[in-house]
Amino acid sequence: MDSSDIEKAITASESQPSKNEESYFVGDSKYKLYEDGTQETTEFEKGEVRETEVRRELKPRHVSMIALGGTIGTGLFIGIADPLMYAGPVNALIAYLFMGSLVYFITQSLAEMATFIPIAGSFAAFVTRFLSPALGAANGYLYFFSWAITYAIELSVVGQVIEFWTFAVPLGAWIAIFFVILTIANFFPVKVYGEIEFWVAAIKVIAIIGFIIYGLCMVCGASAEQGPIGFRYWRNPGPWGDGMGLVSNMNTDRFLGWVSSLINAAFTYQGCELVGITAGETSNPRKSVPKAINKVIFRIFLFYILSLFFIGLLVPFNDSKLSSEDSYVASSPFIIAIENCGTPVLPHIFNAVIMCTIISAGNSNIYIGSRVLYALANSGVAPKFFTYTTKHGVPYWGVITTAVFGLLAFMVLSTSGTTVFNWFVDITAVAGLITWSFISIAHIRFIQVLKSRGISRDDLPFKARFMPWAAYYSAFFIILITFIQGYAVFFDFNASDFFTDYISLILFFVLWLGFQAYFRGPWFLPKDQVDIDTNRREIDTVVWETTPPKNLWEKFWIIIA
């Protein structure tokens, strides 16, 4: 049998292949290849379903831009308005720097695990395999639900962004139009998704670099209306902000404002873990993923910190536009800065960038949700049919299931539905923090298992820096932020606001206890039961062919990505 004719696949059996065999199919024949070189062949029964693997068709530049573009979204373009208002420009900057350090170590942990076992939806499977099936199922379903609901949020928002220009088309029509477009787009091969995300991320990156250059020019005196701005707004109204207005002591209130901006920073950075989702569909993941991790985190620091720095110079924290409700993008500090400087046309260009960002985010939401379901099914904590894929490697049941949640976007059209919809928004925000904490916890367990089996981390494809202490550091503070993120409700307590702020934590513990009762296994897997071999052997035996760049265009993107 010519090996080039063989396409690897997951077998239709309910049990996974044993560790000394691999399964393939060619035409109507199913093959099992054993380590000793023997081969077993059977024929598919009529009507038998063949479960195929997702395809490794994402190139390094795709992975790099997906990881970068996934974190640059409405959280940056619009979400930094609240930190600027409550904490002031300097306090907000400190909060984003601190949260950036946590993000760095979380991505380091993820890279070490995802390069050792590069599978689709990797960290959803890691929690199941390294901690326990119950924890993995609870974390995975909450994470899936987070992105599925986020898809509904993006659908409801894209029409509101277009309303910056016109109200001629009803919001419900925009929701329906983009629901159809984005759902269909996710049935194309993953390389199409990668290409779309690559170019949209490139637009976002170019826009942010352009704004940083623009901000520098305005600060130095290019604004015809304001002249040299310099550090004018750091002196008046000041660098620290007026706080949250929760207590009478100004210093305490400013500290609470800093805590609030810390929470906003955490929500803004969410998406850094997307490179772990793509690991199973990346060509040469043990080379591409570490490069993406190591490069992207510094770009995130560059774009976020510099953007926030110039926003703090161009927009005073007491600017009334920061709390504007005229339209969805009316409170965007980027657009406010441009309008304050009196630059024509540019606000419309930035609104177009924000619209592209939201459309891109909706496209990613379906992709992420479907791959998380695929990983959960492969880990045995979701129905097996979620592993079924098209001939192009798209897990279609996962795509359909995630897309259906987008219909919840129509809830914003009714007053009563908006209340429930706001609950969903809170679930998505805190669920991301819970996922971050479990990435670090799973990595701590991963390191312990390697040590117990005599495997040196120096021999891994990628060795995370400052571990395991950095994992403890990130896990501690992420868990702390997860529990204190609703602190404001305790100053004027009411049950409705409490459940709104903590519904994700409550839902997680309900899911965990429910799955624990279902699986009836140990609360935490003993080290000798942790599986670090499945899905690794295949990658160990693959020889990846590296195609050198053919022209200047390809060389350019290798440098950029």
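Counting begins at 1 with the first residue of the sequence.
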Inset, instruction - Determine whether Leu314 and Asn340 make a side-chain contact, defined as any pair of heavy atoms from C-beta on separated by less than 4.5 Å. - result: no
Inset, instruction - Using a 4.5 Å cut-off on heavy atoms from C-beta on, say whether the side chain of Gln448 contacts that of Ile444. - result: yes
Legend entry - Heavy-atom donor-acceptor pair, Tyr151 side chain to Ser364 backbone, under 3.5 Å: no
Inset, instruction - Could you tell me whether the side chain of Thr482 and the main chain of Ile478 form a donor-acceptor pair under 3.5 Å? - result: yes
Inset, instruction - Determine the interplanar angle of the Tyr143 and Trp147 rings, folded into 0 to 90°, and report it as parallel if under 30°, tilted if 30 to 60°, perpendicular if over 60°. - result: perpendicular
Legend entry - Centroid-centroid distance, Phe126 to Phe446, less than 6.0 Å: no
Legend entry - Nearest-0.5 Å distance, CZ of residue Phe410 to CD1 of residue Ile175: 5.5 Å
Legend entry - Min side-chain heavy-atom separation Glu163-Leu171 under 4.5 Å: yes
Inset, instruction - May I ask you to decide if Ala148's main-chain N or O and Asn365's side chain share a donor-acceptor pair within less than 3.5 Å? - result: no
Inset, instruction - Before giving the answer on side-chain contact (heavy atoms from CB on, under 4.5 Å), spell out for Phe130 and Phe438 the whole-Å C-alpha distance, their side-chain angles and the decisive distance to 0.1 Å. - result: CA-CA 10 Å; Phe130 300 163; Phe438 273 105; over 6 Å; no
Legend entry - OG1-CE distance between Thr252 and Met244, expressed to the nearest 0.5 angstrom: 14.0 Å
Inset, instruction - Indicate yes or no for a side-chain donor-acceptor contact from Thr107 to the backbone of Val103 under 3.5 Å, with no hydrogens or angles considered. - result: yes
Legend entry - Distance flag, aromatic centroids of Tyr473 and Phe466, threshold under 6.0 Å: no
Legend entry - Expected output: side-chain Asn264 to main-chain Ser260 donor-acceptor under 3.5 Å: yes
Inset, instruction - Find out whether Ile106 and Leu110 are in side-chain contact, i.e. whether some heavy atom of one side chain is under 4.5 Å from a heavy atom of the other. - result: no
Inset, instruction - On the 0 to 90° scale, with breaks at 30° and 60°, tag the Tyr214-Phe211 ring pair as parallel, tilted or perpendicular. - result: tilted
Inset, instruction - With rounding to the nearest 0.5 Å, note down the distance linking CD1 in Ile481 to CG in Leu102. - result: 6.0 Å
Inset, instruction - Please state whether the rings of Tyr96 and Tyr269 are parallel, tilted or perpendicular, taking 30° and 60° as the class boundaries. - result: tilted
Legend entry - Residue among Ile358, Leu182, Ile149 satisfying side chain to side chain contact (heavy atoms under 4.5 Å, CB included) with Glu154: Ile358
Legend entry - Student check: side-chain heavy atoms of Phe317 and Trp240 closer than 4.5 Å: no
Inset, instruction - Give a yes or no on whether the backbone of Glu339 and the side-chain of Thr343 come within a donor-acceptor separation of less than 3.5 Å. - result: no
Inset, instruction - Using the six-membered ring wherever Trp is involved, compare the ring planes of Phe309 and Trp234 and label them parallel, tilted or perpendicular (cut-offs 30° and 60°). - result: perpendicular
Legend entry - OG-CZ distance between Ser440 and Arg445, expressed to the nearest 0.5 angstrom: 15.5 Å
Legend entry - Residue pair Phe462 / Gln108, side-chain heavy-atom distance below 4.5 Å: yes
Inset, instruction - Could you walk me through whether Asn363 and Asn186 pass the side chain to side chain donor-acceptor pair (under 3.5 Å) test, one step at a time? - result: CA-CA 7 Å; Asn363 188 40; Asn186 271 270; 2.9 Å; yes
Legend entry - Phe490 and Tyr502 aromatic ring geometry - parallel, tilted or perpendicular at 30°/60° bounds: tilted
Legend entry - Phe508 vs Leu135 side-chain heavy atoms within contact, under 4.5 Å: yes
Legend entry - Donor-acceptor pair, side chain of Gln485 and main chain of Asp501, under 3.5 angstrom: yes
Inset, instruction - To the nearest 0.5 angstrom, please state how far the CG atom of Asn91 sits from the CZ atom of Arg254. - result: 8.5 Å
Legend entry - Backbone N/O of Phe105 and side chain of Arg465: donor-acceptor pair under 3.5 Å: no
Inset, instruction - Please round to the nearest 0.5 Å and tell me the distance separating atom CH2 of Trp174 and atom CD1 of Ile162. - result: 4.0 Å
